[in-house]
Number of protein chains: 2
Amino acid sequence: MNYTITNVSKMTGLAPSAIRFYEQEGLLPYLQRKSSGTRFFTDDDIERLTFIIGLKDAGLTIREIQECFTFCDRGDETIDKRIQLFQKHKSNIRSKICELEKCIQRIDDKVTFLQQKKNTSSTISDI
Amino acid sequence: MNYTITNVSKMTGLAPSAIRFYEQEGLLPYLQRKSSGTRFFTDDDIERLTFIIGLKDAGLTIREIQECFTFCDRGDETIDKRIQLFQKHKSNIRSKICELEKCIQRIDDKVTFLQQKKNTSSTISDI
DNA sequence: ATACAACTTCAAGTTAACTTGAAGTCAAGA
DNA sequence: TCTTGACTTCAAGTTAACTTGAAGTTGTAT
């Protein structure tokens with residue numbers, strides 16, 4: 001299937017301007033145009049965009065995402081090297097998740113504390 | 001112990017200007033000053049900064065971090081209301097974790113693919 | 001007493017990642 | 001044919017999160 005930029009915007013949640021920006025930054029090198037100049041997107045493009053969104057949410061900068069793709073696309077590195085790069089990204093993301101888990105733990109502690117307070121006394125002030 | 005801003009900068013890896021900025025944004029409301037006006041930091045402040053760095057690394061904005069602290073600190077809400085706020089905040093963080101898990105899954109898929117490729121053929125090009 | 005390092009504030013500058021706006025092109029329908 | 005809506009480019013504007021620079025203050029060493 002082919003999609004217009006507005007279709008893709010609705011499918012991905014990205015603003016059309018953001019999609020154009022990503023193309024401009026080299027994140028969508030295989031994007032095709034009609035004779036009129038209008039962009040058209042394939043399912044592969046959608047998949048790539050979805051992956052971009054994922055990496056973005058995981059905290060990678062556009063530059064890093066671009067590097068990731070560059071790395072994926074080039075054939076002058078060994079597979080081991082590429083696997084290594086992915087593993088590195090993965091462990092970065094894992095540590096991010098860890099931080100968030102810690103945050104949730106802290107919040108849980110507070111809630112437990114408040115819950116206990118509610119069940120025993122009734123002065124509303126500290127923590 | 002007490003520390004100067006340069007001490008804290010070395011301990012945390014944050015630039016002094018960043019620490020001042022965090023104070024200005026309300027992330028360090030309990031920060032004390034000497035009579036001269038110079039900031040001095042306690043171990044509690046360091047702990048708070050470490051927590052801030054963790055949340056930042058996890059992708060929270062300064063506004064979000066500030067809200068997190070505000071929830072913890074304010075006494076003008078009922079306990080139920082505060083618990084509610086915590087739960088909401090928690091579910092936000094949970095969905096962030098979810099995104100990151102998805103990203104890891106994608107990376108794992110890529111790695112599996114590369115691994116298989118390595119074990120069977122040897123042409124180096126796609127994905 | 002004076003120099004110097006380390007701090008201070010405040011305003012302006014920077015970078016990433018977009019967004020907005022102006023001005024123009026193109027294809028389809030009345 | 002003309003209008004309308006969806007697209008295009010390009011330049012300038014915006015926001016977050018800092019950084020940099022200028023100008024001033026303080027505490028300590030010579």
Side-chain angles (χ1 to χ4, degrees), chain A residues 1-29 31-42 45-46 48-70 92 96 99, chain B residues 1-42 45-46 48-70 92 96 99 103:
Chain A
M1 270 298 275
N2 286 352
Y3 313 95
T4 68
I5 201 164
T6 326
N7 294 154
V8 175
S9 169
K10 275 166 191 159
M11 292 163 78
T12 60
L14 295 167
S17 61
I19 299 169
R20 289 191 192 102
F21 177 72
Y22 291 162
E23 189 201 10
Q24 184 185 306
E25 296 300 304
L27 262 47
L28 302 167
L31 202 55
Q32 289 173 275
R33 305 287 186 119
K34 291 181 187 165
S35 55
S36 64
T38 301
R39 291 168 184 83
F40 74 88
F41 299 74
T42 66
D45 293 323
I46 307 292
R48 193 160 175 128
L49 272 171
T50 311
F51 192 43
I52 289 170
I53 292 168
L55 294 176
K56 229 169 52 71
D57 287 346
L60 275 76
T61 65
I62 284 197
R63 196 64 45 95
E64 287 170 321
I65 295 172
Q66 215 238 44
E67 273 164 30
C68 182
F69 282 131
T70 312
N92 284 344
K96 259 166 219 201
E99 286 305 331
Chain B
M1 270 295 278
N2 287 352
Y3 315 93
T4 67
I5 201 163
T6 327
N7 296 153
V8 176
S9 170
K10 276 166 191 159
M11 293 163 76
T12 59
L14 294 167
S17 61
I19 298 168
R20 290 192 192 100
F21 176 73
Y22 290 162
E23 189 201 11
Q24 183 185 307
E25 297 300 305
L27 262 46
L28 302 167
Y30 306 127
L31 201 54
Q32 288 174 276
R33 305 287 186 122
K34 290 180 187 165
S35 55
S36 63
T38 301
R39 290 167 184 84
F40 73 89
F41 299 74
T42 66
D45 293 322
I46 307 291
R48 194 159 173 126
L49 272 172
T50 312
F51 190 43
I52 289 170
I53 292 168
L55 294 178
K56 231 170 50 70
D57 286 346
L60 274 77
T61 65
I62 286 197
R63 196 61 49 92
E64 287 170 322
I65 295 171
Q66 215 238 44
E67 273 164 27
C68 181
F69 285 130
T70 313
N92 285 344
K96 224 163 247 201
E99 283 304 327
C103 186

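Any value given below was found using the heavy atoms of this structure, including those in side chains, with hydrogens, waters and symmetry copies removed. No experiment lies behind these values; they were computed from the predicted model shown. Letters A, B, ... mirror the listed sequences (proteins, then strands); counts begin at 1.
Counting to the nearest Å, the P atom of dA16(D) and the CD atom of Q66(B) are 13 Å from each other. Atom-to-atom, CD of E64(B) to C1' of dA16(D) comes out at 12 Å; the value is rounded to the nearest Å. Residue N7(A) contributes atom CG, which lies 14 Å from atom C1' of dG5(D) at whole-angstrom precision. Counting to the nearest Å, the C1' atom of dT25(D) and the CZ atom of R33(B) are 13 Å from each other. Following rounding to the nearest Å, F40(B) (CZ) and dG27(D) (C1') show an atom-to-atom distance of 16 Å. A straight line from CD1 of I5(B) to C1' of dA5(C) spans 15 Å, rounded to a whole angstrom.
Not a single donor-acceptor pair under 3.5 Å links the side chain of S9(B) to the backbone N or O of I5(B). Of the possible polar contacts, none joining the D57(B) side chain to the G54(B) backbone as a donor-acceptor pair under 3.5 Å is found. In this structure, Q66(B) contributes its side chain and G26(B) its backbone to no donor-acceptor pair below 3.5 Å.
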Show me the side-chain donor-acceptor pairs of residues 11-21 of chain A shorter than 3.5 Å, one per line, residues at least two apart or across chains.
unit_1	atom_1	unit_2	atom_2	d
T12(A)	OG1	V8(A)	O	2.7
T12(A)	OG1	L14(A)	N	3.2

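A sub-4.0 Å separation between OP1 or OP2 of dT9(D) and a side-chain N or O of R39(A) is present.
Residues R48(B) and Y22(B) have side chains not in contact (no heavy-atom distance under 4.5 Å, counting atoms from C-beta outward). L31(A) is listed as a side-chain neighbour of D45(A), based on a closest heavy-atom distance under 4.5 Å.
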Could you write out each protein N or O paired with an N or O of nucleotides 17-20 of chain C at a distance under 3.5 Å?
unit_1	atom_1	unit_2	atom_2	d
dA17(C)	OP1	I62(A)	N	3.1
dC18(C)	OP2	Y22(A)	OH	2.8
dC18(C)	O5'	Y22(A)	OH	3.4
dT19(C)	OP2	S17(A)	OG	2.6
dT19(C)	OP2	A18(A)	N	3.3

Give me the distances for all protein-to-nucleotides 23-26 of chain C N/O pairs that come in under 3.5 Å?
none

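Partner I62(A) forms a side chain to side chain contact (heavy atoms under 4.5 Å, CB included) with one of L27(A), L55(A), I52(A) and no other, that one being L27(A).
When all heavy atoms are compared, the tightest approach of T4(B) to N7(B) is N-OD1, 2.9 Å.
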